[in-house]
Amino acid sequence: MKSVNIGELARALDARSWGDLTLPVTGAAEPASTGPVGPEGGMIAMAMSPKYADALQPGSMAILAEGMDPEVYGLKAAIFAPRPRLLMAGLTRAFDPGLDIAPGIHPSAIVDPSARIGEGVAIAPLAVIGANVRIGAGSRIAAHVSIGRDSVLGENCVIHPGARIAHGVKAGDRLIMQPGSSIGGDGFSFVTPEESGIEEIRRTLGPRADIHAQHWTRIHSLGGVELGDDIELGANSTIDRGTIRATRIGSGTKIDNLVQIGHNVEIGTDCLLCGLVGVAGSSRIGDRVVLAGQVGVSDNIVIGDDVIAGGATKIFSRVPAGRVILGHPAVKMETQMEIQKAMRRLPRFAQQLAKLQETVTRLLEKG
Amino acid sequence: MKSVNIGELARALDARSWGDLTLPVTGAAEPASTGPVGPEGGMIAMAMSPKYADALQPGSMAILAEGMDPEVYGLKAAIFAPRPRLLMAGLTRAFDPGLDIAPGIHPSAIVDPSARIGEGVAIAPLAVIGANVRIGAGSRIAAHVSIGRDSVLGENCVIHPGARIAHGVKAGDRLIMQPGSSIGGDGFSFVTPEESGIEEIRRTLGPRADIHAQHWTRIHSLGGVELGDDIELGANSTIDRGTIRATRIGSGTKIDNLVQIGHNVEIGTDCLLCGLVGVAGSSRIGDRVVLAGQVGVSDNIVIGDDVIAGGATKIFSRVPAGRVILGHPAVKMETQMEIQKAMRRLPRFAQQLAKLQETVTRLLEKG
Amino acid sequence: MKSVNIGELARALDARSWGDLTLPVTGAAEPASTGPVGPEGGMIAMAMSPKYADALQPGSMAILAEGMDPEVYGLKAAIFAPRPRLLMAGLTRAFDPGLDIAPGIHPSAIVDPSARIGEGVAIAPLAVIGANVRIGAGSRIAAHVSIGRDSVLGENCVIHPGARIAHGVKAGDRLIMQPGSSIGGDGFSFVTPEESGIEEIRRTLGPRADIHAQHWTRIHSLGGVELGDDIELGANSTIDRGTIRATRIGSGTKIDNLVQIGHNVEIGTDCLLCGLVGVAGSSRIGDRVVLAGQVGVSDNIVIGDDVIAGGATKIFSRVPAGRVILGHPAVKMETQMEIQKAMRRLPRFAQQLAKLQETVTRLLEKG
């Protein structure tokens, strides 16, 4: 959407409009970065709350919350946003110029002759595409991306510079991989000839009989990674391949930067995993689960549908569906709030308890 | 191991076998993905516990735990696994096709003429090898890997796509670097002209006399990184070079994805560091130490041999050898279990304490 | 500084010197790695504290702390360091050979004809420079780096191998990007058609009325990233672009490895952010703030100037200027110390409280 007038923009956003709808809109900005526009149009101010509207200048175009009056601000035209964040989605999509890759396959890219490249695919300089790879129509592969043999990408995927797809990865349509993200590295899976210290303490919950030297033997990863449609993987995030079966992530799940997904993990649909989250091997996460930043999930854990875990929650055991959790270790959010309140008063408790003991001792002596 | 019959496979795994040992095995899978085989063989089912065995179909081949009866499941042939995870190591190694790099040096790779490349080394498209680099026999360097001047790799290393080795790194044999991992970035080391706020609070444990603006001056990293044999580094993990001496990691130590190892750190042999672990500068970690996911180790800490730290443990001070620790901050695992139990009861404690105070006050008034 | 004698080195370091100042210095090392030098000079030993000086050999050159006597150790020459870490900065800078990139633009690099490349810029093999990029004089771009259209780098920047700069990033002078670091990936910003579960629990602090399936709609990132001068970004760290306005980082701020900076974040000048720190979207951090390793900052938080947060501190709410904080959740460092002491005694408290209740009950019965 290179050139659009405010009326067309409102229709594209499915939003109500007001004023001179013929004015061209070239982009969107904060009110402080916009000003009065002439017939050639210009930037539209994003003033979806009265507190932002103070910076609006008369004669400008703006997006307002429902209920705000464009005449009060002396606007030339306006679009109304009943749910501002939702309108932001449409608006930013309309003006996103996207990744700059020329159409076709750049001559410096190295594409195996056996690869099947769909219609309208763009492959940037110095990308490397392995044997039997399939890339769906309309996908765009940026500079320095590598894709290993037998991997499959659906249609309209966008793979940013330096992203890594190993061999045997199957992805659906519209996968977005941010720079440096990695799908299909080997799982972290090792074994010792006899019971290891970790196995022992999981059994005993602490005590160890005797400690002796052992080397780690590698368990190789033969499983791949299977991704649904509409998945996004943030910059430098990593998803490991499975051991025997594939690591699996459901459609619509969005993963932020620097997130680690271990081998054999299964994640449902429409989840959000924020920055620096770690999910250890073989854990299973339901649909619509939200894990805020730095959340940790132990291995072999089951997390039900619709669970929401607040920032830095550390999850060591099963979480039932629908639960809202917080803390280290994770407990119900309400419980955590009470624990935190009590913890801050803990030093005072200690004093009060000591004093009470003294008083009771005196009472006993008296008695 | 492309084509192998079940008898040969059992011998390779040093495991007991049963049934028609001439059947060819083409790979391993979960029971649900396998079925009856004819004389041409097929996939062997991994059913190392009775709960997985329910999905076995008569006429198939399977790996069973010791004590399970292949005739009960109507199998054609079986291999017995006395320690299933250990057998997994051999089995997955047998069927891992490995990284797909053609033999020799790809013409698009840029290899400095002074580099010494061992026999049988494979270098993939668009790799960049610097001056005086040495790569040991049989090593495989994937696409988009860069290796800086004077670095040395031992034999049979596998460096996955986009991994980064800076200058002056010395690695032993069989190093595995997963995609995007980095060895030899500069340490994070800065100094202010006068005492900084951090130095001050480390001295005072909190209070600050006066706060004033200061700029950070960079301490450059002249030390390299020295790695023993059989080390693995996970996807997008990072190991910084030392300041004067090298950062050092002992043989057999395995490091998962998104792990940060600071400058001057020394790590012993046969350790496991799981995803998102951070070890700050100049800390020393003994042999056979296990740090679970998201563990943090402060700078200049010493951790003894055979320490095991549970998930998200935060280590701020010395840990004696053999200790099993957990929590934020780290305490003995048993202590942490008690603390957590008590913490969950903390809000109730607060109520009980308040009530008790009331009661005692009344008792006192009566008395 | 290839060849320098000890007198010149002392002057460069602005430090006092002693002995035969004509001896050439070729580098610096720990005392154990140095020895007696002849007229051809050699390595200078770093012995800035008496405990390191024991390993000094007679006839060698050393850097000593003020007050140490070079004659006691039989040195040939010495430099005195009133503030050893500060002298380390100058010393390591003097001997750092730097990134090995040949002058000029390597023929395998792919540079858009519209890019403006400053004087003395070095571009290594296989780098990719997009349309309208500007690179300031003296900057050095390593192998496999990509820079997207319209991005601007100042003078004397050093961009290590595999670092990623997306489109529309503006950086000042002397930016250092360690291997695999990424600036300008898209923000992690999604919206649902109706109120999402996250919005609901932020409003209710826990309880949820009803749970229903919703898909996430992407909010695109139109803002860029703006960086001041003298910024360093560690290996595999990531800075996301803003939604409408730019994500901004002030001059002199240093960021360690595997750090995540979310969209719209603003960070002031001269901050230190250590390994695995995460700062969620739209938070604002003042000047000279120090966040130790694994610190987490929630979204939309304000952190004042001169705040220092200890390792793994989790920050969920506003922090006033100058505060020293620690813990999960963050509280004043002194408070955290008391909480931790009390927590370790918590299991005992529980016992004492139970016993006290019993005693008081008995007293009541007696009464």
Side-chain angles (χ1 to χ4, degrees), chain A residues 27-30 46 85-86 88-89 92-93 95-96 100 108 124-126 143-144 160-162 178-180 232 234-236 252 254 256-258 270 272 274-276 287-288 290 293-294 306 308 311-312 322 324 328 332-334 337 340 343-344 346-347 349-350 353 356-357 360 363-364 367, chain C residues 110 126 128 130-131 144 146 148-149 162 164 166-167 180 182 185-186 188 190-191 193 197-198 201 205-206 208 211 213-220 222 236 238 240 243-245 258 260 262 276 278 280 296 298 314 316 328-329 331 335 338-339 342-343 345 349 352-353 356 359-360 363 366:
Chain A
E30 298 189 314
M46 311 194 57
R85 272 181 71 79
L86 187 59
M88 280 284 281
T92 56
R93 188 176 56 242
F95 291 111
D96 187 355
D100 48 326
S108 69
L126 306 175
H144 300 128
H160 284 259
Q178 296 293 335
E232 179 156 355
N236 286 343
K254 316 295 187 184
D256 196 0
N257 297 359
L258 295 173
D270 296 315
L272 281 193
C274 299
L276 292 159
D287 298 333
R288 296 172 302 280
V290 177
Q294 296 184 329
D306 299 295
I308 298 182
V324 181
H328 180 182
K332 279 190 206 176
M333 196 187 213
E334 299 94 309
M337 295 299 202
Q340 288 178 9
M343 263 174 58
R344 273 191 297 269
L346 198 50
F349 284 174
L353 186 62
L356 206 56
Q357 281 178 312
V360 171
L363 272 173
L364 280 172
Chain C
I110 295 183
L126 306 175
V128 174
H144 300 128
S146 57
R149 67 160 179 270
R164 307 284 154 205
H167 64 276
S182 169
D186 290 329
F188 191 70
F190 298 91
V191 61
I198 312 168
I201 65 156
L205 293 180
R208 303 181 62 180
I211 293 171
Q214 292 194 102
H215 300 304
W216 297 104
T217 301
R218 191 170 201 268
I219 295 177
H220 290 244
L222 305 182
N236 286 343
T238 60
D240 277 355
T243 307
I244 296 296
R245 59 179 164 83
L258 295 173
Q260 150 67 354
L276 292 158
S298 269
K314 307 302 180 188
F316 294 91
H328 179 181
V331 292
T335 311
E338 282 177 37
I339 288 176
M343 262 173 61
R345 290 185 299 186
F349 285 173
Q352 290 173 339
L353 186 62
L356 206 56
T359 312
V360 171
L363 272 173
K366 264 205 276 182

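What you see below is based on every heavy atom in this structure, not just the backbone, and it leaves out hydrogens, waters and symmetry mates. These figures come from a predicted structure and were not determined experimentally. Here is the naming used below: chain letters follow the sequence lines, and residue numbers restart at 1 for every chain.
Heavy atoms of L86(A) lying under 4.5 Å from chain C belong to its backbone as well as its side chain. Only the side chain of Q340(A) comes within less than 4.5 Å of a heavy atom in chain C; its backbone stays farther off. Using a 4.5 Å cut-off between heavy atoms, R218(C) touches chain A through backbone and side chain atoms alike. The contact between H160(A) and chain C is made entirely by side chain atoms (from C-beta outward), counting heavy-atom distances below 4.5 Å. Contact of L258(C) with chain A is made through backbone and side chain together, with heavy-atom distances under 4.5 Å. The contact between R149(C) and chain A is made by backbone and side chain atoms together, counting heavy-atom distances below 4.5 Å. Only the side chain of L356(C) comes within contact range of chain A, judged by heavy atoms closer than 4.5 Å. Proximity to chain A involves both the backbone and the side chain of A213(C), based on heavy atoms less than 4.5 angstrom apart. Of the atoms belonging to E30(A), heavy atoms from both backbone and side chain fall under 4.5 Å from chain C. Interface residue T359(C): only side-chain heavy atoms are found under 4.5 Å from chain A. Using a 4.5 Å cut-off between heavy atoms, L205(C) touches chain A through backbone and side chain atoms alike. Of the two parts of I211(C), only the side chain, counted from C-beta on, holds a non-hydrogen atom closer than 4.5 Å to a non-hydrogen atom of chain A. Heavy atoms closer than 4.5 Å to chain A are found in both the backbone and the side chain of I219(C).
Across all their heavy atoms, P125(A) and I110(C) have their closest contact at CB-CD1, 3.6 Å. Minimum interatomic distance between G197(C) and R208(C) (heavy atoms only, all atoms of both residues): CA-NH2, 3.4 Å. When all heavy atoms of K254(A) and F188(C) are compared, the pair lying nearest together is O-CZ, 3.4 Å. Shortest non-hydrogen contact noted between P179(A) and S182(C) is CB-OG, 3.7 Å. Here the closest heavy-atom approach between residue F316(C) and residue G311(A) is recorded as CZ-O, 3.3 Å. Scanning all heavy atoms of the two residues, the minimum distance from M343(A) to P347(A) falls at O-CD, 3.7 Å.
You'll find the side chain of L353(A) reaches within 4.5 Å of the side chain of Q352(C), heavy atoms only.
Top candidate by heavy-atom pairs under 4.5 Å with chain A, chosen from T335(C), V331(C), L276(C), is L276(C). Counting heavy-atom pairs closer than 4.5 Å to chain A, the top residue among R345(C), H167(C), E338(C) is E338(C). In terms of heavy-atom pairs under 4.5 Å with chain A, the best-connected choice from I198(C), I201(C), T217(C), L222(C) is L222(C). Ranked by heavy-atom pairs under 4.5 Å with chain A, the list A280(C), S298(C), A342(C) is led by A342(C). The most heavy-atom pairs under 4.5 Å with chain C, out of K332(A), E334(A), R93(A), M333(A), come from R93(A).
Between D306(A) and R288(A) a salt bridge is recorded (basic side-chain N to carboxylate O distance below 4.0 Å).
A donor atom on one side chain and an acceptor atom on the other are found under 3.5 Å apart for D186(C) and Q178(A).
No donor-acceptor pair under 3.5 Å is formed between the side chain of H144(A) and the backbone N or O of R164(C). Within the 3.5 Å criterion, the main-chain N or O of T243(C) finds no donor-acceptor partner in the side chain of R245(C).
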